[in-house]
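These notes concern the structure reproduced below.
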Amino acid sequence: MTFPTIFSITESEIDLNALLEKITLTSTGAAAIFTGMVRGVTTRDDPHETEYLEYESYIPMAEAKMKQVADEIREKWSSIEGIAIVQRIGKLYPKTPTVLIAVTAAHRDTGVFEAARYGIDRLKEIVPIWKKEIGPNGEEWIEGDYFPKAGE
Amino acid sequence: MTFPTIFSITESEIDLNALLEKITLTSTGAAAIFTGMVRGVTTRDDPHETEYLEYESYIPMAEAKMKQVADEIREKWSSIEGIAIVQRIGKLYPKTPTVLIAVTAAHRDTGVFEAARYGIDRLKEIVPIWKKEIGPNGEEWIEGDYFPKAGE
Amino acid sequence: MNKIRILFFATIRDKFGRKTLELDIPNEMTVLQLKQKLANDYPNLKDSLKAVLVSVNQEYSFDDFIIPANAEIALFPPVSGG
Amino acid sequence: MNKIRILFFATIRDKFGRKTLELDIPNEMTVLQLKQKLANDYPNLKDSLKAVLVSVNQEYSFDDFIIPANAEIALFPPVSGG
């Protein structure tokens, strides 16, 4: 049996129903999905408002690194059946889903929640995507703080 | 601010996109979603095949207990913004999503994954829904093993 | 007397062959006494009643609870949703 | 000589004012030497180059790596997707 792995960088809306269907096999009984959205209002750390985010990506490398994240998930949780990793890019407004990590397995107790969590954490470390935040006081690039090591 | 809580027992398809939108506020940055599907093939424990499942529910009590699960989630994770709990009932075939628990919060590191996990575990303990499995060798009610205590 | 309505679900409904039962019970009857009465009146429910969950007015209820007036009771096996 | 192509993203692209740069570099040049050359040729990139991530042919690369022939290099800040 081959397990589906989907990764994509897209300017289109993220369709959770369609993605879930693509990673559901006849042996699948559970899915954990993480999505991130643009916050219009942030209260933690540096409270501020956001008009929109502008995402860009180094697409071929981002696709390769998404595949790597999927490979790492499969290595850590052998029970995982399907994996979907999607990043939406372009100009994205508050409440819009920007990223999705979905994983499926036969049962809910063999790592789906942990794998989805791992997937979004790794995406934010190694997948070359950047966002610029445009708010009432101007625009600012958001930079991560992770420096990949050799082989990552 | 009021935080949306959705719970429903339905015979209709579970629409993840629509449900996610309903629990996304302008302050929301993260969602964790669990869905369960009908397995056509089960390999763990007692390996078998399933033609379909037939779900039924004691609907008014199930709605009250879903609300209770949502209340418990909010008590445990004060960061949770929106909650959706949906159980589909009726005759459901392999690969069909049957249940959804979705929770949102401003950030991904304040309990969304744990809350979604808790939600599905509690649903399977206290929400009055039952399923009958129809397979090549006949039909069989699936029974849980949890006995609620007073006040649950 | 107290007029109650009993709902049956899943296995116990299949055993009973009906979804509902209207019943007049004495005031102050407990859940345990009701189960004993049902086991007595409907012998084929006896086994199902051993590990049955009981709700009264849509809250889980237990052997020593007294059934209030006009209660909606439900009898069902441990739940298996999801 | 080795003809390479450099892609710039996010802050460093804004600083540089261009998305790409074609460059002839000596064979056996390391990533560190390339960064030094760019800091030298484009002084306003100097600060951005201090904490820059470098990929060579779409894999993360590091100071002592030797740049292969016809490499596609990218320079960018720590990523911030999601």
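Here is the naming used below: chain letters follow the sequence lines, and residue numbers restart at 1 for every chain.
Of residues 9-17 of chain B, those residues with a non-hydrogen atom less than 4.5 Å from any non-hydrogen atom of chain A are, in numerical order, B:Ile14, B:Asp15, B:Leu16, B:Asn17. Residues of residues 101-109 of chain B that come closer than 4.5 Å to chain A, counting heavy atoms only, are B:Thr104, B:Ala106, B:His107, B:Arg108, B:Asp109, ordered by residue number.
For A:Glu140, the CD atom sits in a loose shell: 12 or fewer heavy atoms of surrounding residues, nucleotides or ligands are nearer than 6.0 Å. In B:Lys132, the NZ atom is crowded: over 12 heavy atoms of neighbouring residues, nucleotides or ligands sit closer than 6.0 Å. Enclosure of atom CD in B:Glu51 by more than 12 non-hydrogen atoms of other residues, nucleotides or ligands within 6.0 angstrom is indicated. Residue-environment remark: CD (A:Glu152) exceeds the threshold of 12 foreign heavy atoms within 6.0 Å. Crowding of B:Asp145 atom CG: a count of heavy atoms from other residues, nucleotides or ligands under 6.0 Å not exceeding 12.
The distance from atom OG of B:Ser27 to atom NZ of A:Lys95, rounded to the nearest 0.5 Å, is 9.5 Å.
Here ring pair (Phe, Tyr, Trp, His ring centres under 6.0 Å) pairs that include residues 73-100 of chain B, with residues two or more places apart or in two chains, are B:Tyr52-B:Tyr93, B:Trp77-B:Tyr118. Among residues at least two apart or in separate chains, there is no ring pair (Phe, Tyr, Trp, His ring centres under 6.0 Å) pair with a member in residues 133-152 of chain A.
Note on B:Val41, B:Thr35, B:Thr43: by heavy-atom pairs under 4.5 Å with chain A, the leading option is B:Thr35.
Only the side chain of B:Thr110 comes within contact range of chain A, with heavy atoms under 4.5 Å apart.
Nearest heavy atom pair, residue B:Thr28 against residue A:Arg39, reads O-CG, 3.3 Å.
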